[in-house]
Every structure is written in C-alpha cells, then in structure tokens.
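In what follows, chains carry the letters A, B, and so on, assigned in the order in which the sequence lines appear, proteins first and then strands, with residues in each chain numbered from 1. Remember, it's a predicted structure, so these values are computed and weren't measured experimentally.
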2 protein chains.
Amino acid sequence: MREPLDPEMFDPVCPSEVMPIRVGDKWGGMIIQCLEEGPRRFSELMVPLRTVTPKVLTKSLRALERDGFVVRTERAGPRHVEYALTPLGRSLLDLLDAARAWAETHMDALLDAREAAQ
Amino acid sequence: MREPLDPEMFDPVCPSEVMPIRVGDKWGGMIIQCLEEGPRRFSELMVPLRTVTPKVLTKSLRALERDGFVVRTERAGPRHVEYALTPLGRSLLDLLDAARAWAETHMDALLDAREAAQ
DNA sequence: CCGAATCCCTGAGGATACTG
DNA sequence: CAGTATCCTCAGGGATTCGG
C-alpha cells in the first residue's frame, strides 16, 4: 500500500484488447488490481494505467462505485481523494487472479489461433 | 449433449448487462456454456439465447472461432453445421464456473449497491 | 436451416483543453 | 491534485430483409 504502483504493472503488449476476460469496463479489472494492496489516489492510478485519460478513469471509477466495488473518500487536506476496495470489490480478486492465470497459460494459444486466422 | 438446451438456461432478469464479468463479447460466455455438453447446431444455440439475432450470433461465433475457442464443422447432409468447443475453449469453462459462482454469491449485493446509487 | 446483406444507432472510449 | 467540458470516432449490437 505504501509502495508506489509499478508503472509497468500492465504489459503494454497484452492490453485488454487481447484479453478475452473483462470485469466491468475496459479498465475495471486493472483498477481493482491496483487497489489490491490498499487505497490509492487518482494520480497514483494513472501511473500504471498509462494510456487512460482522466475523463475515462473518472468514468470507470464512478461505475465501480455504483456497483459497490470501490469507495471514494475525500481526506482532509487540499484535494486529497482516495479510492479503496469494498469487501464486494475484494470478492473479485480471486476471479481476477484466475483470469490472469488463464491468460498466462493460454494466451499464446489464443494469439496463435488469431494469427492462423489472419 | 443429446438433450436439447433449456430455453430458460439464462435468466432473463440477469442478462449480461448486469453481469460484470465477460468472456469475449456479450454472448461469448453464454455460447461457450451452451457448448459444454457437446456440439450444437446454430438453431439450437438460438433457443437459450433468445434475444440474439442471427447476424449477431454469427458474428460472435466467428469471433470465438478466430480465437480458437470454437470449431465450426459442416456435416454431411443438407445445411448441417455444428459448433463445438476446442480444448482451448474448454479451458475457459472453469473460469466461467467461477464467474457464475461469484454471481450467485454476490450479485444481490451488486444490485443493492446499484439501486442505492439510483 | 444457416446464415449473408443492409441499414441504423447508441455508447464506450479517446483527444484535447480547461479549472477550483 | 482531481477532476470537467467538448468534441469525435468507431465498433458492438440490433432490426429487417434476402438467399442458397
């Protein structure tokens, strides 16, 4: 939670375009993974999600809030906002892990199939 | 495999709009589940997927083919086409089961959260 | 029976710029 | 720092009709 998020946390070669499994919208799964170790601030989230724009990140966070996966908290101090997983959000972590495990094992086969089909 | 697919296989109240987990496109996960017990014909698939149109089903099936999840086989006889899971497609079944298990346990909480947020 | 062809429309997602 | 405000594109998804 204290350590900053790895900017290379998500493989740019394996974006969500290729990943056939999604939780929420395009960024939902990645955001949830970013929050696994504890609350994060808006600007912290933008680091590993490099290509996301503020508007889209906001939209995704709002959607995760609506579904009860994430809580938004304004902390004292100037413009300090934190996003954290709820218990319901945490309940998705196992699924996300399973999805990542599937990807590591089978993504090559998927890519091969896709290439074989041109 | 021999038994016809249950027309009520998928809860119309809980369509993929609500389900936050997706495999492939909107219909991908449901199609894969339909093929779990063995090959199925196009028209068989349309039964549980009631609201899908032929065009969209075709498109989804083609996408599943491209990714190597499904094979399309033309059988002898007039216009007899079968779709079946490949081993790669079968490798997704565990994930889909996990997703369904998650949904059964937590979907109510999600719906509550969504309603609380209006 | 298994689609293909056509048309359409919404919305997810992005680019860019600005603000309290 | 944490977003808003516009504008735009494009593809997912659907309705309807047609064909071998």
- Nucleotide nearest B:R72 when distance is taken to its side chain, options D:dG13, C:dG3, D:dA2: C:dG3

- Query: Are the side chain of A:T86 and the backbone of A:G68 linked by a donor-acceptor contact shorter than 3.5 Å?
  - Reply: yes

- Query: Phosphate oxygens OP1/OP2 of C:dC2: is one of them under 4.0 Å from a side-chain N or O of B:R62?
  - Reply: no

- Message: Could you tell me how far apart A:K55 (NZ) and C:dG11 (P) are, to the nearest whole angstrom?
- Response: 13 Å

- Give the minimum heavy-atom separation between A:L35 and A:R90, together with the two atoms involved. O-NH2, 4.1 Å

- Item | 5′-ward residue of the pair A:R79/A:T58 relative to DNA chain D | A:R79

- Query: Of all the choices, C:dA4, D:dG13, D:dT4, which nucleotide is nearest to the side chain of A:P54 once you look at every atom?
  - Reply: D:dT4

- Message: Over all strands shown, is B:R50 touching base, sugar-phosphate only, or nothing at heavy-atom distances under 4.0 angstrom?
- Response: nothing

- Message: C:dC2, OP1 or OP2 - any side-chain N/O from B:R41 closer than 4.0 Å?
- Response: yes

- Item | Distance (rounded to the nearest 0.5 Å) between B:E115 CD and B:D112 CG | 7.0 Å

- Message: Please report the distance, rounded to the nearest Å, between CZ in A:R40 and C1' in D:dG3.
- Response: 20 Å

- When you measure from the side chain of A:W27, which nucleotide among C:dG14, C:dG13, D:dG3 comes out closest? C:dG14

- C:dA12 phosphate, OP1 or OP2: any side-chain N/O from A:R22 under 4.0 angstrom? no

- Query: Rounded to whole angstroms, how far apart are CE on A:M46 and C1' on C:dG14?
  - Reply: 12 Å

- Rounded to whole Å, CD of B:E65 lies from C1' of C:dG3 at a distance of 13 Å

- Query: Want to settle it: does A:F42 or B:D25 sit nearer the 5' end of DNA chain D, counting the closest nucleotide to each?
  - Reply: A:F42

- Query: Taking the nucleotide of DNA chain C with the closest heavy atom to each, which residue, A:S60 or B:V81, is nearer the 5' end?
  - Reply: B:V81

- Message: Please report the distance, rounded to the nearest Å, between CG in A:L61 and P in D:dG3.
- Response: 8 Å

- Task: Please work out if A:V56 contacts a base, only the sugar-phosphate, or nothing of the nucleic acid, heavy-atom cut-off 4.0 Å.
- Result: base

- Among the candidates D:dG12, D:dA2, C:dC2, find the nucleotide nearest to the side-chain atoms of B:K59. D:dG12

- Does A:F69 offer a backbone N or O that forms a donor-acceptor pair with the side chain of A:D67 under 3.5 Å? no

- Query: Taking the side chain of A:T53 as its heavy atoms from C-beta onward, which of D:dA2, C:dA15, D:dT4 lies nearest to it?
  - Reply: C:dA15

- Item | Rounded interatomic separation in angstrom, taking CG from B:L57 and P from D:dA15 | 14 Å

- Message: Regarding B:R75, tell me which of base, sugar-phosphate or nothing describes its non-hydrogen contacts under 4.0 Å with the strands shown.
- Response: nothing

- Message: Can you tell me how the ring of B:Y83 sits relative to the ring of B:F42, calling it parallel under 30°, perpendicular over 60° and tilted otherwise?
- Response: tilted

- Send over the distance from B:Y83 OH to C:dC1 C1', rounded to a whole Å. 11 Å

- Query: Rounded to whole angstroms, how far apart are CD1 on A:I31 and P on D:dA2?
  - Reply: 14 Å

- Item | side-chain hydrogen bond (donor to acceptor under 3.5 Å, both in side chains) partner of A:E82, the single match among A:R75, A:R41, A:R72, A:R40 | A:R75

- Can you find a side chain N or O atom of B:S43 that sits less than 4.0 Å from OP1 or OP2 on C:dC2? yes

